[in-house]
**Student:** 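Please see the structure below; I have some questions.
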Amino acid sequence: MSAAVFSRTVTRGDDGALSVGGADVRELAGAHGTPLYVIDEVDMRARACAFRDEFTAAFGRHGAKVDVYYASKAFLSSKVARWMRADDLCMDVASGGELELALRGGMPAARIGLHGNNKSDAELRRALEVGVGRIIVDSFTEIETLDAIARELGAVAPVLVRVTTGVHAGGHEYIATSHEDQKFGLSLASGAAFEALVACQDAEGLDLRGIHTHIGSQILSLEAFQESAERMLGLRAAFFAELGVDLPEVDLGGGYAIRYTPHGEELTPRDAAYGMAEAVAAALAKVGGTWPHLSIEPGRAIAGPAGMTVYRVGVVKHVNLDEGGERQYVAVDGGMSDNMRTVTYGAEYTATVASRLSDAEPALSRVVGKHCESGDIVVRDVDLPHDVARGDLLAVPATGAYGRSMANNYNAALRPAVVSVRDGEASVHIRRDTLEDLFSWDVAPD
Ligand code: LLP
């Protein structure tokens with residue numbers, strides 16, 4: 001077991017079983033079934049608070065303020081929204097559904113930012129009706145539509161313009177979001193972002209608060225964030241120079257990398273905070289301007305390391321490799337329906353036997369699921385003991401972000417429950433799907 005990858009309250013008892021938040025994983029698995037997503041509440045909230053405190057301190061040195069928006073797409077339940085409210089974070093939602101869950105958990109609408117490249121009229125209307133704190137506009141179509149809806153409702157929509165800065169960063173093409181050739185935002189280089197700012201400024205139904213960018217996900221390099229901060233502040237300075245308007249807010253998005261395997265690296269909240277504060281200071285020194293009110297949107301770095309998935313081992317096979325040697329295939333009772341990341345992004349994970357200690361020799365292993373696809377891989381390469389067997393529990397750490405939130409019902413799989421644990425007590429956030437759930441959306445023949 002690698003302490004560096006598991007969340008902070010995970011320990012291994014004398015009998016070799018893992019416990020998290022003071023709860024034995026064997027008992028959690030018995031009570032809630034497997035696969036099971038387990039969130040270490042202390043860990044997740046400590047990460048949220050670390051972002052809040054480190055950024056507040058780093059930017060506070062310059063007299064600037066920062067809000068931390070938890071990017072709820074990483075993992076959302078109404079209980080998580082409640083934690084974020086209690087811990088003084090704000091929340092980024094990317095759809096009408098996420099908005100409703102955030103509200104259900106009691107997150108004040110004023111602390112919610114609504115994202116999306118193709119928001120529906122209904123989503124925009126609802127956001128205005130409940131009074132979200134900001135809507136991040138992503139296109140000229142949306143600027144027109146939102147302006148019209150706001151005027152119809154007699155409201156004024158607080159908006160930030162989503163800017164594509166041209167900084168290319170992120171672990172995988174599908175999670176990089178600020179290069180030119182993709183669907184998000186308005187381009188800085190082409191002048192579209194500037195034009196959008198002017199359009200928002202002129203729109204009666206909109207209150208232009210500032211600019212937003214998100215360069216991608218699982219980013220280790222501070223340089224990419226620094227480059228994007230400089231470009232954003234350059235745009236803000238150009239807007240001031242041309243229109244005399246000092247945009248009050250700048251959101252620099254999320255994307256901070258976490259450690260998925262013992263060899264992986266992370267960008268810590270402290271390094272991110274001081275690195276970005278210095279970057280903004282340097283950019284302002286270069287392009288001019290007052291300090292804006294900053295915001296950031298970490299998702300993965302708050303939820304990811306706090307969560308693990310517990311699986312039950314079913315079939316174990318040994319397969320000869322062309323290059324010699326063998327691979328141990330360990331099939332678990334979930335797979336690409338509860339973790340899409342390995343197959344989608346080639347993401348790397350690690351795993352450990354969670355229910356006992358083994359002194360068997362390590363074997364080159366691959367953890368696979370039970371779906372009808374050979375690409376249904378959870379952990380591509382990991383050493384597991386040679387005696388791993390049917391009935392053992394396996395824990396895969398760092399699955400708290402984009403695990404349950406991207407889960408699906410492929411092969412009519414029943415999506416796992418999500419429980420959080422703290423001081424030995426488990427709290428169900430999302431119950432496990434049931435056969436009745438499957439039947440409830442299948443329309444039976446007459
Ligand atoms: N802000 C915006 C506008 C975003 O689009 C995202 C992520 C975030 C913040 C949070 O990024 P984070 O801090 O979590 O990296 N499903 C992919 C990740 C997609 C991220 C989409 N947007 C994955 O599993 O890696």
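As the structure lists them, so they are numbered: ligands from 1, and atoms in each ligand from 1. Predicted model only: the values in this text are computed from it and were never measured.
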**Student:** If you round to the nearest 0.5 Å, how far is OH of Y70 from CG of L76?
**Tutor:** 7.0 Å
**Student:** Taking N or O atoms only and a 3.5 Å limit, does H115 qualify as a polar contact for ligand 1?
**Tutor:** no
**Student:** With heavy-atom distances below 4.0 Å as the criterion, list the atoms of ligand 1 near E297.
**Tutor:** 1 (N), 2 (C), 3 (C), 8 (C), 9 (C), 10 (C), 13 (O)
**Student:** In ligand 1, which numbered atoms sit nearer than 4.0 Å to a non-hydrogen atom of M406?
**Tutor:** 16 (N), 24 (O)
**Student:** Heavy-atom distance to atom 6 (C) of ligand 1: which of M340, H214, R300 wins?
**Tutor:** H214
**Student:** Side chain or backbone of F184 under 4.0 Å from ligand 1, or both, or neither, by non-hydrogen atoms?
**Tutor:** neither
**Student:** Tell me which part of I136 gets within contact of ligand 1: side chain, backbone, both or neither, using heavy atoms under 4.0 Å.
**Tutor:** neither
**Student:** Regarding S337 and N411, do their side chains bring together a donor and an acceptor under 3.5 Å, going by distance alone?
**Tutor:** no
**Student:** Hey, does G299 come in under 3.5 Å of ligand 1, counting only N/O atoms on both sides?
**Tutor:** yes
**Student:** Taking 4.0 angstrom as the limit and counting only heavy atoms of D92, give me the atoms of ligand 1 inside it, by number and element.
**Tutor:** 1 (N), 2 (C), 9 (C)
**Student:** I want to check something: taking the side chain as every heavy atom from C-beta on, are C200 and V137 in contact at a cut-off of under 4.5 Å?
**Tutor:** yes
**Student:** In this structure, does ligand 1 have an atom that sits under 4.0 Å from one of the heavy atoms of A74?
**Tutor:** no
**Student:** Quick one about Y260 and Q218 (side-chain donor to acceptor, distance below 3.5 Å, no hydrogens or angles considered), yes or no?
**Tutor:** no
**Student:** Distance-only, no hydrogens or angles: does the D338 side chain make a donor-acceptor pair with backbone N or O of G335 under 3.5 Å?
**Tutor:** yes
**Student:** Check each atom of ligand 1 against the heavy atoms of P298 and keep those under 4.0 Å away; list them by number with element.
**Tutor:** 13 (O)
**Student:** Nearest 0.5 Å, please: how far is OG1 in T352 from CG in L384?
**Tutor:** 7.0 Å
**Student:** Cation-pi between R162 and F184: NZ/CZ under 6.0 Å from ring centre and within 45° of the ring axis?
**Tutor:** yes
**Student:** Hey, does Y402 come in under 3.5 Å of ligand 1, counting only N/O atoms on both sides?
**Tutor:** yes
**Student:** How are the rings of Y256 and F225 set to each other: parallel, tilted or perpendicular (split at 30° and 60°)?
**Tutor:** parallel
**Student:** Purely on distance, is any nitrogen or oxygen of R162 under 3.5 Å from one on ligand 1?
**Tutor:** no
**Student:** Backbone, side chain, both or neither: what part of A71 comes under 4.0 angstrom of ligand 1, heavy atoms only?
**Tutor:** side chain
**Student:** List the atom of V378, the atom of Y311, and the distance in Å for their closest heavy-atom pair.
**Tutor:** CG1-OH, 3.8 Å
**Student:** For ligand 1, which is the ligand I care about here, please tell me if G255 has any N or O atom under 3.5 Å from one of the ligand's N or O atoms.
**Tutor:** yes
**Student:** Which of the atoms of ligand 1 are close to S217, meaning less than 4.0 Å from one of its heavy atoms?
**Tutor:** 11 (O), 12 (P), 15 (O), 20 (C)
**Student:** Under a 4.0 angstrom heavy-atom cut-off, which atoms of ligand 1 come close to R341?
**Tutor:** 23 (C), 24 (O), 25 (O)
**Student:** Please check if the side chain of R236 supplies one atom and the backbone of L247 the other of a donor-acceptor pair under 3.5 Å.
**Tutor:** yes
